[in-house]
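Following: one structure in structure tokens, then a few remarks.
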Amino acid sequence: MAVLLVDIVKAVEAWLRIIKDPVEPYVDPNLDPVLLVPGIAGSILNAKDAETGKEERVWVRIWEADREFRAKLWCQFDSESGKTVSLDPNISIVVPEDRDGLYAIDCLDPDMIIGRDNVCYFHEMIKEMTSWGYQEGKTLFGFGYDFRQSNRLKETMDRLASKLEAIYIASGEKKINVITHSMGGLLVKCFMGLHSDIFEKYVKSWIAIAAPFQGAPGYVTSTLLNGMSFVSGWEAYFFVSKWSMHQLLIECPSIYELMACLDYEWEHVPLLQIWKQLQDGNGNSAAMLETFTPIEAVSIFTQALSINELSYGGVDIPLPFNKEVLQWANRTREILSSAKLPPSVKFYNVYGTGIDTPQSVCYGSADSPVLDLQELPLLEATYVNVDGDGTVPVESARADGLEAEARVGIPGEHRGILCDKHTFRIVKHWLKADHDPFYNPVNDYVILPTIFEIKRHSDKGQEVISLKEEWEIVSEDQVDEPMSGSISVSRVGDDQSSSEEACATFIVHPQSNGKQHIELNAMSVTAGGD
């Protein structure tokens, strides 16, 4: 039955592709090239069979996802090379390079295009940028990578160096604007720290979006203990299970590199809290809340995952909390902390705000304490939240440690801000693709016009102009209740033969996510004159 359903869906999707009307794209030959770099799980990955040479997509796929994921993506860390290696020795993981790297970071399951926004990554941004005049393979490129690996893996760094050189040559030796999302910011910062000369030679500017510069503490703590889900709702039954994802990520340096930075002076220190059941000398039990700093939490991870294992090919493989991966990740964080921005490169930071974001993680409760730490992988966590994008706290995203041209917070969710019109407006301006000398994204507010109507008519020697405008304003300063106001002005000509009067009323409606809706109605009346 499932196979028939797949065939039906694919047939419908093929039909939809056929009936799409081709549109001649607008091309602006004056634009500098742009390279898009995704975050964790943001690249299509293919499994290549060493014997047959055949490649098959294993991330992302909805159908048969969990089985293929376990067979071909499960891996173990090699401390000598710093690389995660697939458990199947005949399988290597490769990133497709179609469409100059954009295919791998566009829609992560290209076969599924009906109502599945959760598998799209840079799709909306690619569409938006092509409407600005960017052209795939000429001024717009993508860099996908194996997100299981360390952000400083030599193979990835070498690929990125080659990519930058190729883009530089293809664009007629124009310097490149790099746009990263999430963990892609750490990868690029590692490259900048390790290969500053190459970065300075080829890069003009770097725009980091939602980058966890000091980690994503709450998100990663629960991931290491419980795994993560990328798909919710009914589709989760067809996708990779949370347990399967957990078994993968325990061996991935990239996850450890997202842990809370240990030498950063946190305003809100990320904590691991556990309600434990303790007994006194008389045998009486009571629940007590114990709190652990990021350094102290390592011992909890170690105990909680001490008996964790998976079965692969009939063999039981131990997968405890990996201290060797942690050591590798600590060295990565040292590189990130010491990385310096070359003086010729401009850096911009965009981060998400307005959403409760896990910072500290708690297991158990006063009524239901944890009896054994090895229960933690089976328990649901509760969170102490701070402001952020739902994944990365504002405090972490803002702390880039670089000389930034600007840092701008946008109300929005971690992945959602890649599709946000406000993000597009800011990025377009920083890329100098808007040709608007008056726009300043660092203002206290940003105006997004939604309606503009103007009417003009003459009556009995008078000229009447009426104006209606509506805007959305993104601002940190919010109003709790609707506000209204009015203003009027008048002017008489020097020769007293002409006069002009104008009046306007406005209403401010509060909205969620840091936005306000503004209505403006204005009218001017001019009498006399030539």
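Under 4.0 Å is where a charged nitrogen must lie from a carboxylate oxygen, and between Arg425 and Asp434 at least one such pair does. Ion pairing of Lys428 with Glu128 is absent here, as no side-chain N (NZ or NE/NH1/NH2) approaches a carboxylate O to less than 4.0 Å. A salt bridge links Glu97 and Arg159; the closest N-O separation between the charged side-chain nitrogens and carboxylate oxygens is under 4.0 Å.
Of the possible donor and acceptor atoms, none in the side chain of Asp78 sits under 3.5 Å from a partner among the backbone N and O of Thr84. Within the 3.5 Å criterion, the main-chain N or O of Cys120 finds a donor-acceptor partner in the side chain of Arg415. Remark: side-chain polar atoms of Thr357 are paired, donor with acceptor, to backbone N or O of Asp389 under 3.5 angstrom. Of the possible polar contacts, one joining the Gln214 side chain to the Ala399 backbone as a donor-acceptor pair under 3.5 Å is found. No donor-acceptor pair closer than 3.5 Å links the side chain of Glu405 to the backbone N or O of Tyr348. Side-chain atoms of Tyr256 come within 3.5 Å of backbone atoms of Ile250 as a donor-acceptor pair (strictly under, hydrogens ignored). Under the 3.5 Å distance criterion, the side-chain polar atoms of Gln359 are matched with a main-chain donor or acceptor of His268. At distances below 3.5 Å, at least one donor-acceptor pair connects side-chain atoms of Tyr145 with backbone N or O atoms of Pro38. Listed for the Thr423 side chain is a donor-acceptor partner under 3.5 Å among the backbone atoms of Ile417. Listed for the Lys72 side chain is no donor-acceptor partner under 3.5 Å among the backbone atoms of Ile93.
Taking each heavy atom of Phe213 and Ala397 in turn, the nearest pair found is CD1-O, 3.3 Å. When all heavy atoms of Val394 and Gly352 are compared, the pair lying nearest together is CG2-O, 3.5 Å. Here the shortest heavy-atom pairing between Ala210 and Val392 reads O-CG2, 3.9 Å. The minimum heavy-atom distance linking Cys261 with Arg333 is given by the pair CA-CD, 4.1 Å. The two residues Val345 and Val203 make their nearest non-hydrogen contact at CG2-O, 3.4 Å. Across Ile40 and Ser254, no two heavy atoms sit closer than the pair CD1-OG, 4.1 Å.
Taking CG from Asp106 and CD from Glu124, the interatomic distance works out to 9.0 Å, rounded to the nearest 0.5 Å. Within the model, atoms CG of Leu164 and OH of Tyr202 stand 8.0 Å from one another, a figure rounded to the nearest 0.5 Å. Atom-to-atom distance recorded for Ser182:OG and Leu418:CG is 9.0 Å, nearest 0.5 angstrom. A distance of 9.5 Å separates SG of Cys252 from CE of Met245, quoted to the nearest 0.5 Å. To the nearest 0.5 Å, atom OG1 of residue Thr223 and atom CG of residue Leu249 are 6.5 Å apart. Taken from CZ in Arg61 to CG in Leu108, the straight-line distance is 14.0 Å, to the nearest 0.5 Å.
Within a 6.0 Å radius of NZ in Lys48, no more than 12 heavy atoms belonging to other residues, nucleotides or ligands are found. Counting non-hydrogen atoms of neighbouring residues, nucleotides and ligands closer than 6.0 angstrom, the CD atom of Glu403 reaches no more than 12 such neighbours. At most 12 non-hydrogen atoms from other residues, nucleotides or ligands lie less than 6.0 angstrom from NZ of Lys127.
Pro110 places a side-chain heavy atom less than 4.5 Å from the side chain of Arg57. Looking at Tyr134 and Leu431, their side chains come closer than 4.5 Å, going by heavy atoms from C-beta outward. The closest side-chain heavy-atom distance from Ser396 to Trp266 is below 4.5 Å. No side-chain heavy atom of Leu402 sits under 4.5 Å from any side-chain heavy atom of Asn349. Contact annotation: the side chain of Val220 approaches that of Ile255 to within less than 4.5 Å [non-hydrogen atoms, C-beta and beyond]. Residues Ile209 and Met125 have side chains in contact (heavy-atom distance under 4.5 Å, counting atoms from C-beta outward). In this structure the side chain of Phe424 reaches within 4.5 angstrom of the side chain of Trp132, judged on heavy atoms. Contact annotation: the side chain of Arg152 never approaches that of Leu336 to less than 4.5 Å [non-hydrogen atoms, C-beta and beyond].
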Side chain to side chain contact (heavy atoms under 4.5 Å, CB included) between Leu31 and Leu140, worked out = CA-CA 10 Å; Leu31 294 172; Leu140 189 57; over 6 Å; no

Stepwise side chain to side chain contact (heavy atoms under 4.5 Å, CB included) test for Ile207 and Thr180 = CA-CA 6 Å; Ile207 301 174; Thr180 63; over 6 Å; no

inquiry  = If you apply the rule side chain to side chain contact (heavy atoms under 4.5 Å, CB included), what do you find for Glu395 with Val386, and how did you get there?
reply    = CA-CA 9 Å; Glu395 185 179 0; Val386 294; over 6 Å; no

ask   = Given the rule in the side chain to side chain contact (heavy atoms under 4.5 Å, CB included) test, do Met157 and Leu187 qualify, once you have shown the distances and angles that lead to the verdict?
value = CA-CA 8 Å; Met157 298 290 95; Leu187 186 147; 4.1 Å; yes

inquiry  = Apply salt bridge (Lys or Arg N to Asp or Glu O under 4.0 Å) to residues Asp100 and Lys138 and explain how you reach the verdict.
reply    = CA-CA 9 Å; Asp100 294 280; Lys138 300 291 185 180; over 6 Å; no

message = Quick one, Ser150 with Trp328, criterion side chain to side chain donor-acceptor pair (under 3.5 Å). Give me CA distance, side-chain angles, the key distance, then yes/no.
response = CA-CA 8 Å; Ser150 168; Trp328 180 276; 2.9 Å; yes

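Applying the side-chain hydrogen bond (donor to acceptor under 3.5 Å, both in side chains) rule to pairs touching residues 185-201 yields Glu200-Ser344, sequence neighbours excluded.
Taking the six-membered ring for Trp and thresholds of 30 and 60 degrees, His414 and His181 have ring planes inclined between 30 and 60 degrees apart. Note on ring orientation: taking the six-membered ring where Trp is involved, the planes of Trp59 and Phe69 are tilted (angle from 30° to 60°). The aromatic rings of Phe191 and Phe199 sit tilted, their planes meeting at an angle between 30° and 60°.
A donor-acceptor contact under 3.5 angstrom links the side chains of Asn177 and Ser205, judged on distance only.
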